[in-house]
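The next block holds one structure in the form of structure tokens; read it before the comments.
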Number of protein chains: 2
Amino acid sequence: MTRPPDHPLGDRVTVTLHHLVDVLDEYADHLLRAEHGVTLSQYLFLAVLSDLDHPDVTTLARCLHVTKAAVSKRVGSFVAAGWVRTLSDPGHARRVVLELTPDGVALVRDAGRQLEEAFTSAFADVPQVDLTALHRDLTTVLVTMRSALAQHVPDSPLV
Amino acid sequence: MTRPPDHPLGDRVTVTLHHLVDVLDEYADHLLRAEHGVTLSQYLFLAVLSDLDHPDVTTLARCLHVTKAAVSKRVGSFVAAGWVRTLSDPGHARRVVLELTPDGVALVRDAGRQLEEAFTSAFADVPQVDLTALHRDLTTVLVTMRSALAQHVPDSPLV
DNA sequence: GACTTCGTGTCAACCCGTTGACATTCGCCG
DNA sequence: CGGCGAATGTCAACGGGTTGACACGAAGTC
């Protein structure tokens, strides 16, 4: 331990949070690759799309918390993989409307269910902590930090 | 809400965790850019380097939880910015040893202190939750999920 | 000394994100 | 009708990550 008293990487809680989401993501990513041949990033794209009703590129980008350029670049590979179809709005020539193919719907359904089961069974191995209370506290911290962010960075896409 | 009962994105807690780290990172990134002209990613590179004693590329990569190729590519820009120096091990011709310049040391010290202050003051605005207990519970969940990950992905860099 | 094996760093190709610029289209208003 | 601002999607250039291949040096073995 080079410097025990002052930790240079921000408060320790932030480090633990990062580690936790890294582990959770790696776990989900491995399950999705092995069982469904998709990346976690790809699954999230399709899952968010499945919750929307024929969004355009801009709307999907906002819901994914990324830029429209990022979505625009990825659409091609999803269409090539057979999970997504692009439609054109007859009333708005520049709009590109997105929808899942039947294959995409099935993938999101099956992968989502399996992911749900895996995480609930994994979380069941932590009886010492009250997950509902933990979630509530995390939400409280989140809203506080979000307002703190809004004060310092008013035009952030996360607020 | 298209599907209220079953959430396809894994348990809600995971979503909240992602949002929280996103907000925390954005907050830190904005502070570092405005006050010190560095990205959060750049600061983390330098801060981890500052905690090690003349590591080589492979060692720093392991501590950053990235591949050595990722570190190898970034070193050049850090040297060009004047924060990092590269040394060569006289007893090991292929090793590239890294160290901070005085500028790099000062940057990590100043930015780290300011980051620490900002986060402690922000967390002080959440008196409703016991941060120590929250941290303890998060750590408990982390170790459980890490062992769950180790069971499914034995050769993961995170375990 | 020659051989194999391992460790180390670099490279190319790719994935995925950003910003800034751009052409096109929509919609409003004079 | 004409013009002009806002919205939309795409592109190039870049930051930063990965994997797989590779060249080279270190080290043990025959």
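So that the names make sense, note that chain A is the first sequence line, chain B the second, and so on, each numbered from 1.
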> Rounding to a whole Å, what distance do you find between B:D29:CG and D:dG16:P?
Replying inline: 10 Å
> A:L98 versus A:D56: any side-chain heavy-atom pair under 4.5 Å?
Replying inline: no
> Whole Å only: how far is the CG atom of A:D22 from the P atom of D:dG17?
Replying inline: 12 Å
>> From CD of B:Q42 over to C1' of D:dG15, roughly how many Å is that when rounded to an integer?
In response: 9 Å
>> Return whichever of B:T59 or A:A93 has its heavy-atom-nearest nucleotide of DNA chain C closer to the 5' end.
In response: B:T59
> B:A28: what forms a side-chain contact (heavy atoms from CB on, under 4.5 Å) with it, not counting sequence neighbours?
Replying inline: B:L40, B:L115, B:F119
> Can B:Q128 and A:T140 be counted as having a side-chain donor-acceptor contact under 3.5 angstrom?
Replying inline: no
> For B:L64 and D:dT18, what is the distance between atoms CG and P respectively, to the nearest whole Å?
Replying inline: 10 Å
>> Between A:D25 and B:H18, is there a side-chain heavy-atom distance shorter than 4.5 Å?
In response: yes
> Quick one, which residues of residues 69-91 of chain A touch DNA chain C with a heavy atom under 4.0 Å?
Replying inline: A:A69, A:A70, A:K73, A:R74, A:G91
>> What's B:T58 touching, base or sugar-phosphate or nothing? Going by heavy atoms closer than 4.0 Å.
In response: sugar-phosphate
>> Can you list everything that forms a side chain to side chain donor-acceptor pair (under 3.5 Å) with B:R136? Sequence neighbours excluded, please.
In response: none
>> Does any part of the side chain of A:R85, heavy atoms only, come nearer than 4.5 Å to the side chain of A:P102, both counted from C-beta?
In response: yes
> What is the distance, rounded to the nearest whole Å, between atom NE2 of B:H65 and atom P of D:dG17?
Replying inline: 13 Å
> Who passes side chain to side chain donor-acceptor pair (under 3.5 Å) against B:H54, sequence neighbours left out?
Replying inline: B:E99
> chain A on DNA chain C: first and last contacting nucleotide, 5' to 3', under 4.0 Å to a heavy atom?
Replying inline: C:dC16 to C:dG27
> Sequence neighbours excluded, which residues qualify as side chain to side chain donor-acceptor pair (under 3.5 Å) partners of B:R33?
Replying inline: B:D29
>> Judged by each residue's nearest nucleotide on DNA chain C, which is more toward the 5′ side, A:H92 or A:T67?
In response: A:T67
>> Rounded to whole Å, how long is the line connecting atom CG of B:D56 with atom P of D:dG25?
In response: 17 Å
>> Which nucleotide wins on minimum distance to the side chain of B:S41, given the candidates D:dA26, D:dG9, D:dG16?
In response: D:dG16
>> Grouping I, L, V, M, F, W and Y whenever their side-chain heavy atoms are under 4.5 Å apart, do B:V97 and B:V84 come out in a common cluster?
In response: no
>> Using whole Å, what does the distance between atom C1' of nucleotide D:dC24 and atom NZ of B:K68 come to?
In response: 12 Å
